[in-house]
Amino acid sequence: MTAAPQTAAPSYPFSPPHRLDLDPRYAQLRRDEPLVRVRLPYGEPFWLATRYADVRTVLGDPRFSRAAAAGRDEPRNTERLPASGMLGMDPPDHTRLRRLIAKAFTARRVERLREGTRAVADELVDGMLAAGPPADLVAHLATPLPIRVICDLLGVPVTDQDRFHTWAEAIVSTTSLSAEQTQTYIQNLFDYMAGLIARRRQEPTDDLLTAMVQARDADADRLTEEEVVQLAAGLLAAGHETTVTQIPNFVYVLLTEEGGWKRLRAEPELIPGAVEELLRFIPLGATAAFPRYALEDVELSGVLVRAGEPVIASIVSANRDERVFTDPDTLDLSRVVNPHVGFGHGAHHCVGAQLARMELQVMLETLVRRTPDLRLAVPESELTWKTGLLVRGLTALPVAW
């Protein structure tokens, strides 16, 4: 076991994100220096964990704390400190909030949404086919589908989607918005949810937002008004933003990786497993975020992380760890053993993972069935990618069929 070296920390990310390519430095680090000291544009230096086993430890071991970031100059991509909320909590505070919403996202309840989601997907594909090629998959399908599903679940008017979809960018922005825009968008989102909450008190309906309001009003010690607003806003934003990004990412990879779309079209029964493989294979994160602080000295891959030092777990690197995945840099749509950490791990494992899985499965099933000859409508080199965000994704995906 070695102690922390006292050398200057190099800057991170190692290179600007390029499409969905993963920087080869991760493979070198997993082999030679699995825990490396680096620095983000703002905040104190931190340890970057790159091996799968260490990533799971940092995300799941109670010796590492998110709440301990409070009051620290935590590593981050923007000058502003991130909003705390549920993502800044440890159990039992985190558990208190998560338990309130987790029952809305169980596998059984999500499965009941599948038929309705299929109907929405078919309706959206109808519109795309009627518009004719070339059509932007982002505008026609990837954006409206997750928005309509989360709006229905929460009880948010889908007619307001242009407003809150714009504000939600602040949640994943690093440099795409100015500090003033980010603050304004987040406040707009909070104010919007506060207005809906007030309406639910007067006119309760059968949705998650009403259930949250009733839980708050029945036991004010269990949930504060601010927590209800922040939790509802976070669910609305996170409940659609990453899936909006991943749908075109999935289709892009399937159309550009040799034989991907052709195989899925020939063997649609592979779709559930293919979703898991795409979640593993695609490096969604453009940079690292959400440091955990060691509450005591902890050894990771032979390196001593001292109490009080921050560690960030690289999920994109863990999902390519050759110690866990055979041929990790190959997209294998029939991969059987696939314990990826695309939805995180531990207390902060994505509460909407089952919902996202279902939406991604439904969208691929619908596209394979309705547009079996789907193809890019422009050369790959002409595709444009989002910048200044925590996640990687396409601004548009022109397709033909």
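Only a predicted model underlies this, so the values are computations on that prediction, with no experimental measurement involved.
Atom CG of Leu35 and atom CZ of Arg51 lie 10.0 Å apart (nearest 0.5 Å). One distance of note links CG of Asp152 with CG of Asp207; it measures 9.0 Å at 0.5 Å rounding. For the atom pair CZ (Arg80) and OG (Ser178), the distance works out to 10.0 Å, reported to the nearest 0.5 Å. One finds the CG atom of Leu284 at 9.5 Å from the CD1 atom of Ile315 (value rounded to the nearest 0.5 Å). For the atom pair CZ of Arg66 and CG of Leu59, the computed distance is 11.0 Å after rounding to the nearest 0.5 Å. How far OG1 of Thr143 is from CD of Gln161: 8.5 Å, rounded to the nearest 0.5 Å.
By the side-chain contact (heavy atoms from CB on, under 4.5 Å) test, Pro204 pairs with Thr210, Gln214, sequence neighbours left out. Residues meeting the salt bridge (charged side-chain N to carboxylate O under 4.0 Å, His left out) test with Asp332, sequence neighbours left out: none. Take Thr287 and apply the side chain to side chain donor-acceptor pair (under 3.5 Å) test, not counting sequence neighbours, and it matches Asn77. Residues meeting the salt bridge (charged side-chain N to carboxylate O under 4.0 Å, His left out) test with Glu44, sequence neighbours left out: Arg72. Contacts of Thr243 classified as side chain to side chain donor-acceptor pair (under 3.5 Å), with partners at least two apart in sequence or in another chain: none. When the ring-ring contact (aromatic ring centres under 6.0 Å, His included) test is applied to Tyr42, no partner is found at least two apart in sequence or on another chain. Listed by chain and residue number, Arg114, Arg118, Ile271, Gln361, Val362 satisfy the side-chain contact (heavy atoms from CB on, under 4.5 Å) test with Glu365 (two or more places apart in sequence, or in another chain). Judged as a side chain to side chain donor-acceptor pair (under 3.5 Å), and not counting sequence neighbours, Gln354 has no contacts. For Thr95, the side chain to side chain donor-acceptor pair (under 3.5 Å) test picks out no residue, with sequence neighbours left out. In this structure Arg201 satisfies the salt bridge (charged side-chain N to carboxylate O under 4.0 Å, His left out) test together with Asp217, Glu225, sequence neighbours excluded.
For the pair Ile147 and Phe164, the minimum side-chain heavy-atom distance is below 4.5 Å. Two residues are said to be in side-chain contact when any heavy atoms from C-beta on lie closer than 4.5 Å; Arg163 and Leu189 fail this criterion. For the pair Arg200 and Ile197, the minimum side-chain heavy-atom distance is 4.5 Å or more. Two residues are said to be in side-chain contact when any heavy atoms from C-beta on lie closer than 4.5 Å; His348 and Arg292 meet this criterion. Looking at Glu33 and Val36, their side chains come closer than 4.5 Å, going by heavy atoms from C-beta outward. For the pair Ile150/Leu236, a side-chain contact is recorded, criterion being any heavy-atom separation below 4.5 Å from C-beta on.
More than 12 non-hydrogen atoms from other residues, nucleotides or ligands lie less than 6.0 angstrom from CD of Glu382. Residue Asp32 places its CG atom among more than 12 non-hydrogen atoms of other residues, nucleotides or ligands, all under 6.0 Å distant. For Phe290, the CZ atom sits in a loose shell: 12 or fewer heavy atoms of surrounding residues, nucleotides or ligands are nearer than 6.0 Å. Heavy-atom neighbours of Glu258 CD from other residues, nucleotides or ligands within 6.0 Å: at or below the threshold of 12.
Arg370 has a carboxylate O that lies under 4.0 Å from a charged side-chain N of Asp126, or vice versa, which qualifies the two as a salt bridge. Using a cutoff of 4.0 Å between basic side-chain nitrogens and carboxylate oxygens, Glu277 and Arg280 are scored as salt-bridged. Using a 4.0 Å cut-off between charged side-chain N and carboxylate O, Asp297 and Arg63 make no salt bridge. Look at Glu322 and Arg31 and you find no salt bridge, because none of the NZ, NE, NH1 or NH2 atoms lies under 4.0 Å from a carboxylate O.
Distance alone, capped at 3.5 Å, is enough to place a donor-acceptor pair between the Asp90 side chain and the Ala67 backbone. Between the side chain of Arg76 and the backbone N or O of Thr78, at least one donor-acceptor pair lies under 3.5 Å. In this structure, Tyr52 contributes its side chain and Pro339 its backbone to a donor-acceptor pair below 3.5 Å. Side-chain N or O atoms of Thr224 include one that pairs as donor or acceptor with a backbone N or O of Glu227 at under 3.5 Å. Side-chain N or O atoms of Asn319 include none that pairs as donor or acceptor with a backbone N or O of Pro283 at under 3.5 Å.
Taking all atoms of both residues into account, the shortest heavy-atom contact from Phe64 to Thr57 is CD1-O, 3.9 Å. Here the shortest heavy-atom pairing between Val138 and Ala396 reads CG2-CA, 3.8 Å. Considering all non-hydrogen atoms of both residues, Val55 and Ala49 come closest at CG2-O, 3.6 Å. Here the closest non-hydrogen pair linking Met212 and Ala232 is CE-N, 3.8 Å. Considering every non-hydrogen atom in both Glu359 and Pro146, the closest pair reads OE1-CB, 3.9 Å. For the residue pair Trp261 and Pro372, the shortest heavy atom distance occurs at NE1-O, 3.0 Å.
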Could you go through residues 247-255 and list every donor-acceptor pair under 3.5 Å that involves a side-chain atom there, pairing it with any protein atom two or more places apart or in another chain?
{"residue": "Asn249", "atom": "ND2", "partner": "Thr245", "partner atom": "O", "Å": "3.4"}
{"residue": "Asn249", "atom": "ND2", "partner": "Gln246", "partner atom": "OE1", "Å": "3.1"}
{"residue": "Asn249", "atom": "ND2", "partner": "Arg392", "partner atom": "O", "Å": "3.0"}
{"residue": "Tyr252", "atom": "OH", "partner": "Glu380", "partner atom": "OE2", "Å": "2.6"}

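Applying the salt bridge (charged side-chain N to carboxylate O under 4.0 Å, His left out) test between Arg320 and each of Asp21, Asp327, Asp23, Asp329 identifies Asp329 as the sole match.
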Kindly indicate, with the supporting measurements, whether the criterion side chain to side chain contact (heavy atoms under 4.5 Å, CB included) is fulfilled by Leu376 and Val378.
-> CA-CA 6 Å; Leu376 294 180; Val378 298; 5.5 Å; no
Phe105 and Leu153: side chain to side chain contact (heavy atoms under 4.5 Å, CB included), yes or no, with the steps?
-> CA-CA 9 Å; Phe105 295 97; Leu153 187 65; 3.4 Å; yes
Would you sort out whether Asp373 and Arg265 count as a salt bridge (charged side-chain N to carboxylate O under 4.0 Å, His left out), showing the intermediate values?
-> CA-CA 9 Å; Asp373 297 321; Arg265 182 180 62 190; 3.2 Å; yes
Hey, mind stepping through Tyr293 and Glu74 against side chain to side chain contact (heavy atoms under 4.5 Å, CB included) and telling me if it holds?
-> CA-CA 9 Å; Tyr293 281 79; Glu74 79 171 90; 3.6 Å; yes
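Sorted pairs that involve residues 238-248 and meet salt bridge (Lys or Arg N to Asp or Glu O under 4.0 Å), not counting sequence neighbours, are lacking altogether.
Counting only N and O atoms by type, the side chains of Gln28 and Arg25 include a donor and acceptor under 3.5 Å apart. Inspection of the Thr50 and Ser314 side chains reveals no N or O donor paired with an N or O acceptor under 3.5 Å.
Under the 6.0 Å distance and 45° angle rule, Arg39 does not count as a cation-pi partner of Tyr12.
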